[in-house]
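Just the heavy atoms: all of them, side chains too, but no hydrogens, waters or symmetry mates, feed the values below. Letters go in sequence order (proteins before strands), and every chain restarts at 1. Every value quoted in this text rests on a predicted model; they were computed, and no experiment measured them.
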Amino acid sequence: MTTTDTTDTAAGADGAPGATTSRKDWTSDQEVRWCPGCGDYSILAAVQFLLPDLGVSRENTVFVSGIGCAARFPYYMSTYGMHSIHGRAPAIATGLAVSRPDLDIWVVSGDGDALSIGGNHLIHALRRNVDITILMFNNQIYGLTKGQYSPTSEHGKVTKSTPFGSIDTPFNPLSVAIGAEASFVARTHDMDRKHMMATLRRAHDHKGAAFVEILQNCNVFNDGAFEAITGKGSRESMLVPLAHGEPIRFGPDGSKGVVLDPDASLRVVDVADVGIDALLVHDEKRSDPSLAYMLSRLARGPFEPTPIGVFRAIERPHYAQLVDEQIAAVRERKGSGDLAALLRSGTTWTVG
Amino acid sequence: MSRTMDRSPGSVSRIGSLVVRFAGDSGDGMQVTGDRFTAASALFGNDLATFPSFPAEIRAPAGTLAGVSAFQVHIADHDILTPGDAPTVLVAMNPAALRANLSDVVTGGSIIVNSDAFDERSVAKAGYGADPLSDGSLAAFRVYEVPMTTLTVEACKPVGAKPRDAERSKNFFALGLVSWLYHHPLDSTIEFVERRYAAHADVVQANTLALRAGWNFGETTEVFESSYEVPPSTLEPGTYTNVSGNTALAWGLIAGAHQAGLSLFLGSYPITPASDILHELAKQKHFGIRTLQAEDEIAGVGAALGASYGGALGVTTTSGPGIDLKSETVGLAVSLELPLVIVDVQRGGPSTGLPTKTEQGDLLHAMYGRHGEAPVPIIAASTPSHCFEAAIEAVRIAVTYRTPVYLLTDGYLANGAEPWRIPDVETLPRIDPEFQTEANHTAPDGTSEFLPYLRDPETLARPWAVPGTPGLEHRIGGIEKHELTGDVSYDPGNHSRMVHIRADRVARISRSIPPVAVDDPGAADGRPARLLVLGWGSTYGAITAAVRRSRANGLDVAQAHLVHLNPFPENLREVLARYEAVLVPETNLGQLVKLVRAAYLVDAVALSKVEGRPFLVGEVESAIAERIGSLRAAKETRA
Ligand code: SF4
């Protein structure tokens, strides 16, 4: 069973000395309507604690969502917000980001919204590197429609729409994002506010499309889906924290590690057996995405050691920047548009 | 080389108008040939209207009927309204082009064929049993056989072009010949060739030589008994340019955004026949226009709505199935009450239907094609150049009333072109976006607050408060909202009020639109016509020409043409009530007629055509004569 924390205290190390706003300032007057015990509460709290500390203003912050439990998120923030239609938030956010590069835009989505009905918009926002921060709450189930399997549900999942078990192969959200040329890819989970805040801060600060999978417990329709890896007792041995430039280690006293085998596959090892120098050193800035992709598939599901943190963070120009540069370049060449001249730009002739 | 060509005095006949159709394989360059003939006519001062027609396949099998591409142009010394019902001259580059177009040519008309293309195989490929040039089947026409391929290859020899390459210039030979026949100077075409093919000196030379060879063929051989001249038309004084509907529409969007002081954002997915609007706007980056070729139709409109949310003018352009895909987002825009222009260049349906052919099939979709009670204003352009004005009007309504607006054109307007008197930019209407910048209400406790759905009492428009405005942070969404705060509300009474307010807001637009004008010459002297012809969209040209001809034949008929389809102009009820009979020509199965019958309980009758082609003037004219005939007969029976 997941525990949630909705108290109003900022999370220790991430508290913001000198911040002029507090969580309260970023909280709207709307009653939060998720099921009691839902993992969404702790994600909301993490975001509301983080924002006062990011040096951004409420009026320049926009939350855009699609449909699903997660999509109610914008109503609970005291920023600008749009609760749009199923799957389309990345497309709507693209138009907003391209015409308003000054804004800080967050897209809040779920596994059904982002990977099923909105899969196309997600991958294209990522490849274009639109400057938005995408939070995908992954609970491996359809919650709002009361419990059908989702594109991330495990094979064999028994739900109302799959009474004899799902026969679909699930998506691995991070593999999808990396395959879609995402410039920033990370994973965190709803049981660790500190890790969430640190990861979301990185995602926010990234210029371009940032994709964060947040493992989230739906305690009503898929309770305990991630318990085996995020539960208090199992976390240490089942979550593999990624740190740029550091050997990939986890487990009690860092006793486990990840090596890259000569056959180009990753393997979990006992550090004692191979020595620290044999471990794979994490490099989130590698332009080649292959290693990040392999790491995204280290676990076959939430029952094996699962990497969390930033998988990939590379720099490339974001979309609105390229759009604006192109406009500036054309203006340089042709001067600013002149309507009267445009109307006379074809062959003209004069009568009378 | 001199650009002007000499011509011998010879016999010249003056004619009032001319309809030429150039037809060939889709790879034969018939569109560019027609286009150049049009440009030369425009420069000469003729009034004109054009009708390109091409296959949906980019390269349908050569020599087949499916691969025939054609371009019809109507030029005249007077004001004309359509590209002409039937060509008086057909230029056919091969047997398939002849076969596909012959039935349209007026009896006694001229047919100029490329006789080199009439070999046994090509004749058979076109589905002819015997060579039509020799079996007597063309006896009703004046046929001119010109070996265009041979003469073109011969003409290009001096520049060392290989025959296979030289052959490709034969369309310019045809153009040169027709230019001689109708007294069109070649200079503007030569300039065009030099510009267009600047990177390929050999192509410039070949095309120019072919063009001149065509002209010289007319001049030196005595194949043609006479040449013809269509004198310049008496157009209103001003500076003119020739525009297609798609170009005029793109310029209208730029003008609309300019007049509103908004930056223009286009989210679009390529689709025939709307893509040229995307192309045109993508070219005009120096206006600060942002164009996004989206991943699909849904993203195109979604991004446009996102841009509008941020304070830009969001526009999406599409056709056919693209409109279906956008419906969900249009519904969201109805709920969010944000400006959005949805351009639908209608084409034949259902499904993929006839991608390159025209139809007015989407009026009822624009009107009703969303779930729930989701009213959307609709504007329709009447002629290619009217697309400019119609686009500005769509922008005005979208911005003023904070609403998605459907702007309907069709394949016929999109690709058709006509001379357009360029308006003075200073005379264009101003549009005020009136962004909200401060609180708009005082709460019971005396503090000021912002209510995102508190409306303008006149227009019922809600405030447009864009992100970045301090103090006005608010949340909006597709869930039903409280009528003032915009907070989620499932309250039955609130929903009922919101449904009514959204309907009223659209209905009130009628207060800001001009009354529909009725053209009824007899009405002034107390002899109004008994029949009204009511149209919308691209049927304007054919209806107006038919009405003129009917009057010339002594029939009294009135005409009105709608630009605003939702809401209708306020005087439409009264106008319809004045006439005993109302005829509504549409290239669909009767969509406007359903709307007016439902709204006004009038016994309006549809004249339908669904062939993927516009009305011929004659078709509308016969329907008018028939309706007036039956009105007279009914009167006599009563008497
Ligand atoms: S259904 Fe599941 S995901 Fe949705 S609010 Fe309830 S617990 Fe949370």
Side-chain angles (χ1 to χ4, degrees), chain A residues 28 30 57-65 67 74-75 77-100 102-103 105 120-121 123-124 320 323 326-327 329-331 333-337 339-340 342-352, chain B residues 39 42-43 45 188 235-243 247 251 254-255 258 263 265 267 284-290 292 294-296 298-299 302-312 314 328-329 332 336 422-423 425 466-479 487-488:
Chain A
S28 79
Q30 299 296 296
S57 66
R58 269 198 322 240
E59 69 265 22
N60 282 332
T61 303
V62 186
F63 282 84
V64 182
S65 65
I67 294 291
Y75 289 124
M77 303 297 301
S78 62
T79 62
Y80 281 91
M82 186 200 290
H83 177 209
S84 77
I85 40 179
H86 209 5
R88 317 301 173 208
I92 291 169
T94 295
L96 182 61
V98 168
S99 53
R100 291 292 304 277
D102 57 315
L103 299 175
I105 303 168
N120 200 28
H121 309 309
I123 59 176
H124 287 273
V323 169
Q326 205 167 54
I327 289 175
V330 177
R331 280 187 164 151
R333 220 155 29 94
K334 298 194 185 177
S336 282
L339 184 56
L342 174 70
L343 304 188
R344 284 168 170 72
S345 58
T347 308
T348 62
W349 67 97
T350 302
V351 174
Chain B
L43 279 177
S188 71
L235 294 165
E236 236 184 287
T239 301
Y240 284 76
T241 191
N242 197 33
V243 278
T247 304
W251 291 357
I254 295 174
H258 178 264
S263 74
F265 178 95
Q284 310 297 352
K285 287 243 150 54
H286 53 309
F287 282 86
I289 296 167
R290 292 170 172 83
L292 173 77
E295 57 269 23
D296 57 29
I298 299 170
L305 184 59
S308 285
Y309 177 60
E328 183 198 26
T329 310
L332 176 63
L336 298 183
I422 301 169
V425 173
V466 303
T469 316
L472 305 191
E473 296 84 3
H474 64 283
R475 276 64 56 195
I476 54 177
I479 298 188
D487 293 339
V488 170

Trainee: Taking side-chain hydrogen bond (donor to acceptor under 3.5 Å, both in side chains) as the test, write out the residues that go with B:His258, two or more places apart.
Mentor: none
Trainee: Can you tell me how far apart CE (A:Met77) and CD (B:Glu473) are? Round to the nearest 0.5 Å.
Mentor: 11.5 Å
Trainee: Show the nearest heavy-atom pair for residues B:Leu43 and A:Trp349, with the distance to one decimal.
Mentor: CD2-CB, 4.2 Å
Trainee: When B:His286 is tested against each of A:Leu342, A:Ile327, A:Val330 for side chain to side chain contact (heavy atoms under 4.5 Å, CB included), which residue passes?
Mentor: A:Val330
Trainee: Out of curiosity, B:Asp487 CG to A:Tyr75 OH, how far, rounded to the nearest 0.5 Å?
Mentor: 9.0 Å
Trainee: Atom OG1 of A:Thr348 and atom OH of B:Tyr240: how far apart are they, to the nearest 0.5 Å?
Mentor: 12.5 Å
Trainee: Of all of A:Thr94, A:Leu103, A:Ile67, which one pairs up most often with chain B through heavy atoms under 4.5 Å apart?
Mentor: A:Leu103
Trainee: Which atoms of B:Ile289 come close to chain A, meaning under 4.5 Å heavy atom to heavy atom: side chain ones, backbone ones, both, or neither?
Mentor: backbone
Trainee: To the nearest 0.5 Å, what is the distance between OG1 (A:Thr79) and NE2 (B:His474)?
Mentor: 10.5 Å
Trainee: For the atom pair CG (B:Leu332) and NE2 (A:His83), what is the distance rounded to the nearest 0.5 Å?
Mentor: 10.0 Å
Trainee: For B:Lys285, run the side chain to side chain contact (heavy atoms under 4.5 Å, CB included) check against A:Lys334, A:Arg331, A:Gln326, A:Arg333 and tell me which one passes.
Mentor: A:Gln326
Trainee: Enter the distance from A:Ser84:OG to B:Ile476:CD1 here, rounded to the nearest 0.5 Å.
Mentor: 10.0 Å
